[in-house]
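Remarks on the structure that follows.
A quick note: this is a predicted structure, and the numbers were derived from the prediction, not measured. Heavy atoms only: backbone and side chains are in, while hydrogens, waters and symmetry mates are out. Order of the sequence lines sets the chain letters (A, B, ...), proteins ahead of strands, with each chain counted from 1.
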Amino acid sequence: MIRKSHPLLPYLLILPTLVFVLIFTVYPSISSIVGSLYQHRLNIPKYRDPQFFGLGNYRDLFESQQFRLIMSNTVRYVVVLVPAMVVASLFLALWLRKKRFARLRVAIFHPTILPMVSAATIWLFFFTPDYGLFNSFLRLFGYSGPENWIGNPDMALWAMVIVAFWKDTGFYMIFYLAGVQNLPKDVYEALEIEGAGPVITFFRFTLPLLRRTTLFVTTVAVIGAFRTVDHVFVMTQGGPSERSSLLLYHLWQVRFESLNVGQASAITVILILVLLMFTIANFIFSEGRSKDV
Amino acid sequence: MPKKVLLLSLIAVLVTVNGFAGGQKETSQGPVTIQIAYPVAVDAPVTEILDGYARDFMASHPGVTIEPVYAGGYTDIKTSIQTAIDGGGQAPALAVMLATDLFDLVNARYVEPLSDYVDEMKDGKAYLNDFLPVFLDNSYYQGKLWSLPFQRSAVVMYYNADLLEKEGIAPPDSWDTLASAAEALTLKDGDAVKRWGIEWPSGWPYWVFQPLAIGAGQNIVGESDTEVYFDNPSVIDAVKYYNSLSATYHAMPAGVQSSWGNVVPNFVSGNTAMIVHSSGSLSKILSQADFTVGVCGVPGKEKGTFASVPGGGNIYMVSGLSDAQKKVAFEFAVFMTDPARAAQFSIQTGYIATRKSAYDQDVMKEYIKEHPQALETRKALDNAGKELSLQNLNQVRTIFHTYIQAAFNGDMTAEAAMAQAQKEADEALKDFR
């Protein structure tokens with residue numbers, strides 16, 4: 001018997017989510033797009049009331065050496081951090097999938113639950129010149145300088161990457177762990193009987209079978225990396241010479257420190273576009289591959 | 001049915017009338033509640049002190065409720081005020097924010113002028129004249145007074161007086177003597193440094209660098225709110241001197257090394273002989289150091305000259321209040337800046353008392369007798385220039401930080417870095433000229 005459902009019921013069921021999406025995603029996005037077309041600067045009397053500026057905010061941003069540096073920092077941060085986290089979390093999951101490693105899993109997962117501000121404060125101490133943990137370690141290899149990791153223009157950004165890697169890898173490991181534990185056991189038994197080596201098993205079977213988990217993890221990791229801001233606040237404030245400044249931190253500075261509402265909206269639009277493009281590309285790539293398999 | 005309607009209507013009318021009557025009573029002389037937003041990220045028990053002020057004020061002002069609201073640092077307070085106002089909410093009535101934020105706060109209409117309230121005071125003129133003038137300088141814009149000095153500090157140099165005496169070195173009073181003292185006080189064991197001669201924080205560099213520029217003959221900021229002198233030869237000279245302390249004298253970590261938070265622990269533990277820091281760290285240093293602490297302004301280029309700049313936060317009245325709230329807010333601001341409280345606040349926190357008469361208070365005289373360093377911090381202000389405070393402050397300050405750190409780290413020469421900083425700052429200020 002086919003149950004007759006009310007035609008409105010499905011709509012009513014998605015209504016709560018829809019309302020939230022409209023209020024907190026669609027409306028702010030449209031408002032940012034509109035806002036980015038105006039010269040609206042609260043600290044300049046003549047621009048306190050928004051004036052139409054066309055694509056002027058975008059032009060100013062792309063002409064600014066500072067913004068180009070921050071974009072390049074952000075891209076390098078994401079391009080290094082995300083693959084490192086994804087690969088490490090996958091290997092940790094494969095390593096720790098046996099039940100007897102449950103305690104180790106907790107140890108690796110625990111940084112995830114620490115607030116970023118506290119985590120960054122702890123790491124600030126590790127990076128300290130002279131007696132910081134990192135320098136003490138380097139001393140074993142004969143290093144004798146006072147290196148302040150977050151004060152060195154070539155190291156500050158990588159110090160941020162190290163902290164984020166330590167903090168978030170455990171989180172992504174949980175998703176892979178769930179994926180790994182759901183892999184079909186009979187396939188592996190068959191592989192064993194056929195005499196497939198571990199390399200073949202991993203690249204030809206495990207990795208393709210975990211494709212959807214990887215899609216999810218990379219998407220969440222990229223969005224998370226672009227949204228990183230807390231440890232920049234605590235550790236470097238974007239310094240030295242803006243070499244560790246990231247997009248969201250810059251957005252905060254432009255909106256709340258420089259009171260430039262129009263330009264902050266333009267940065268928001270750029271951030272949304274980048275993330276949207278990545279998510280769609282990642283999805284298409286992954287789904288395209290699924291047809292081949 | 002009609003009976004029910006009649007009854008309901010009667011109740012509705014009664015409730016409405018009662019409501020109006022109550023409302024009227026409230027606007028005339030009813031209770032007033034105000035909030036004061038305060039940054040807690042300072043080395044002092046500010047919550048206890050502020051809670052005490054609120055209690056005392058409420059005891060002498062029946063019907064008034066003061067609610068302190070605490071948040072991280074100055075930036076957090078400012079951001080929360082901005083978001084509350086921009087979002088159409090009710091922000092706290094009073095807020096302690098950086099004195100240097102004046103122009104942005106006024107331009108964006110986040111704060112109210114205080115001039116009218118001071119004019120209404122019986123002794124308004126005398127009240128203002130009692131503040132140390134260097135602190136009040138940051139309070140005027142467009143011919144009006146916008147804030148009252150409260151939690152104020154100055155850049156000073158702390159030195160380990162016992163160590164200097166032991167080594168037979170006189171407290172430095174010029175660039176030359178400072179460099180040679182720092183060199184002599186640096187202790188090395190092979191390549192490893194056991195004690196630095198001097199540490200000069202460079203993570204947030206403009207403030208502690210300013211006295212160096214003033215000591216060379218030119219402050220980085222001009223008298224007007226749109227002038228900067230980043231590429232002035234004296235400023236470049238100051239950058240070169242700073243770099244020479246590590247490159248030539250090997251007495252200071254090279255580049256952007258010393259962070260604000262590590263310098264004081266290094267000094268009190270004896271790992272650094274001299275530091276440049278805020279006078280606001282005085283209480284902490286005095287309580288933790290097991291040696292005699294010397295305090296002075298930052299030595300200037302010429303012998304016998306010293307320089308400093310003021311810093312810290314002022315009390316602002318936030319916009320969007322009712323008249324009754326404004327009145328209470330101003331009264332509470334005056335209450336907080338009373339000479340006896342200013343003296344007590346200075347003793348408890350290490351910040352410099354903002355009013356001249358605070359130094360005539362018996363408790364203050366007693367404290368200075370025990371800790372003469374507290375008077376030295378105030379004396380440092382006698383040779384103080386203006387703190388970097390101008391239009392579009394954040395953008396200009398970021399530009400300066402970017403290039404001076406590039407010069408400190410050797411990415412650019414002092415000349416090239418400061419020329420580029422000047423060019424970009426002029427661009428950032430062109431809308432205001």
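Judged by distance alone, the side chains of A:S36 and A:N57 never bring a donor and an acceptor atom under 3.5 Å apart. Residues B:D104 and B:Y110 have side chains that never bring a donor and an acceptor to within less than 3.5 angstrom of each other. For the residue pair B:S139 and B:S147, a side-chain donor N or O sits within less than 3.5 Å of a side-chain acceptor on the partner. No side-chain donor from either of A:N43 and B:Q391 sits under 3.5 Å from a side-chain acceptor of the other. Between the side chains of B:T100 and B:E387, no donor N or O sits under 3.5 Å from an acceptor N or O. Between the side chains of B:Y316 and B:E112, no donor-acceptor pair is found at a separation under 3.5 Å.
Contact annotation: the side chain of B:L390 approaches that of B:L429 to within less than 4.5 Å [non-hydrogen atoms, C-beta and beyond].
Only the side chain of B:Q82 comes within less than 4.5 Å of a heavy atom in chain A; its backbone stays farther off. If you measure heavy-atom distances from A:F125 to chain B, you find no contacts under 4.5 Å at all. Both the backbone and the side chain of A:Q253 come within contact range of chain B, with heavy atoms under 4.5 Å apart. Neither the backbone nor the side chain of B:N271 comes within less than 4.5 Å of any heavy atom in chain A. Neither the backbone nor the side chain of A:W149 has a heavy atom closer than 4.5 Å to any heavy atom of chain B. If you measure heavy-atom distances from B:F408 to chain A, you find no contacts under 4.5 Å at all. With a 4.5 Å cut-off on non-hydrogen atoms, B:D101 does not touch chain A at all. Residue B:T75 touches chain A through its side chain alone, counting heavy-atom pairs closer than 4.5 Å. Proximity to chain A involves both the backbone and the side chain of B:N392, based on heavy atoms less than 4.5 angstrom apart.
Residue A:R68 qualifies as enclosed at atom CZ: its count of foreign heavy atoms under 6.0 Å is above 12.
Between chain A and the residues B:R109, B:Q395, B:H401, the largest count of heavy-atom pairs under 4.5 Å involves B:R109. Contacts with chain B were tallied for A:Q237, A:Q66, A:K46; A:K46 has the most, counting heavy-atom pairs under 4.5 Å. Of the residues considered (A:T236, A:N260, A:L259), A:L259 shows the highest number of contacts with chain B, using heavy-atom pairs under 4.5 Å.
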